[in-house]
Amino acid sequence: MNLAKYPRVTLGHLPTPLEPLHRLSEELGGPRIWIKRDDCTGLATGGNKTRKLEFLMGEALELGADTILTQGATQSNHARQTAAAAARLGLTCHLLLEDRTGSDNADYNFNGNVLLDQLVGASISTRPGGSDMQKEMEELADRLKADGKRPYIIPGGGSNPVGALGYVNAAMELAYQANCMNLDIANIVHATGSTGTQGGLLAGLSMINSDIEVLGISVKAPKQVQEENVFDMARRTCDYMGIGDIVEREDVVVNSDYVGGGYGVPTDSMVEAVTMLARLEGILLDPVYSGKGMAGMIDQVRKGAFDADSNIVFIHTGGAAALSAYVDAFNLPGYVDM
Ligand SMILES: *Cc1c(COP(=O)(O)O)cnc(C)c1O
């Protein structure tokens, strides 16, 4: 497979590092845990959407777009990376942010990713929770076209077969790194939401005949629904690349036990995971995605789900830019008297 035949712009710092988590591995006493630093892709604090945007923005430029539209939750990492990519390419960017929580917390509404969206020059509008966000973007695109603009719509999370190519590429990148390091990886674990990451990874791993198992930790949808959606994304990505139906349904594994009260709602295990990684490894996770993903991995390790003598890789998909929007979730001690 030659990914270079697809339009693409360079946005990320790739390859991202693959590093051992010695202290976490020791603390948990299970398999050797590694981390793939996709939080270090570099675009306005980075994250997994940067990989997808290399291909999505490539297509946008090829189509002659001058305006980029996308949507997400208020604290969307995808929206922030899209806005930064647009800035870098000299394109106008408008973000539709869905108010999924109804929170009136000032940090949630204006700090974190929302601060960065505006700093990189995107304009932002909100829509009420439960809106048909794809339809909202299409209506806005129609209005912009009537004004003579050339809008390009990026779906939520950048998840379509074009965006998923970014994780086909990541699968090949990880396999190459592991081979260079003589590292036999048994499992990959990561947070799954809009499905482009897991769908792209599964398509890429099947394509190179890898037997690494992938476990997606859901941040929203129930297991069955998320597995079907990831399977669909993987198949459509294979179809887009013309490589046949090579992803099997049983390759698609999602665990939804760590969602808690819902999308973006903090859980005790997320707080524990974020705190552990910060204090054991100096690595910042986020409350919505990578914190819940890591909480799932830690719990699965404790339950003995992975062979103690194996290597497992957590893909850090980013998101720490949202931390400052969630100050209240972390019971921090504040100043002490010394
Ligand atoms: C979007 C996102 C995910 C989920 O990736 P999908 O491709 O949407 O499934 C995971 N972690 C972070 C930090 C994200 O922003």
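All values reported here derive from a predicted model rather than from experimental measurement. If you read the sequence from its start, that first residue is 1, and numbering goes on from there. Only this structure's heavy atoms are used, side chains among them; waters, hydrogens and symmetry mates stay out. Read the numbers this way: they start at 1 and go in the same order the structure lists the ligands and their atoms.
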Verify the ring-centre separation between Y6 and Y240: is it less than 6.0 angstrom?
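That pair passes the under 6.0 Å test.
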Just by distance, no angles: are the side chains of [X] and [Y] close enough, under 3.5 Å, to form a donor-acceptor pair?
| X | Y | answer |
| --- | --- | --- |
| Q226 | T192 | yes |
| K49 | T82 | no |
| Q75 | Y326 | no |

Could you name each residue pair satisfying salt bridge (Lys or Arg N to Asp or Glu O under 4.0 Å) that touches residues 14-31, not counting sequence neighbours?
E19-R37
Could you tell me whether E136 and R127 make a salt bridge, using a distance below 4.0 angstrom between a side-chain N and a carboxylate O?
yes
Would you check ligand 1 and list the protein residues that come within less than 4.0 Å of it by any heavy atom, ordered by chain and number?
N48, K49, K52, N77, S159, A191, T192, G193, S194, T195, G196, T197, D286, Y289, T317, G318, G319
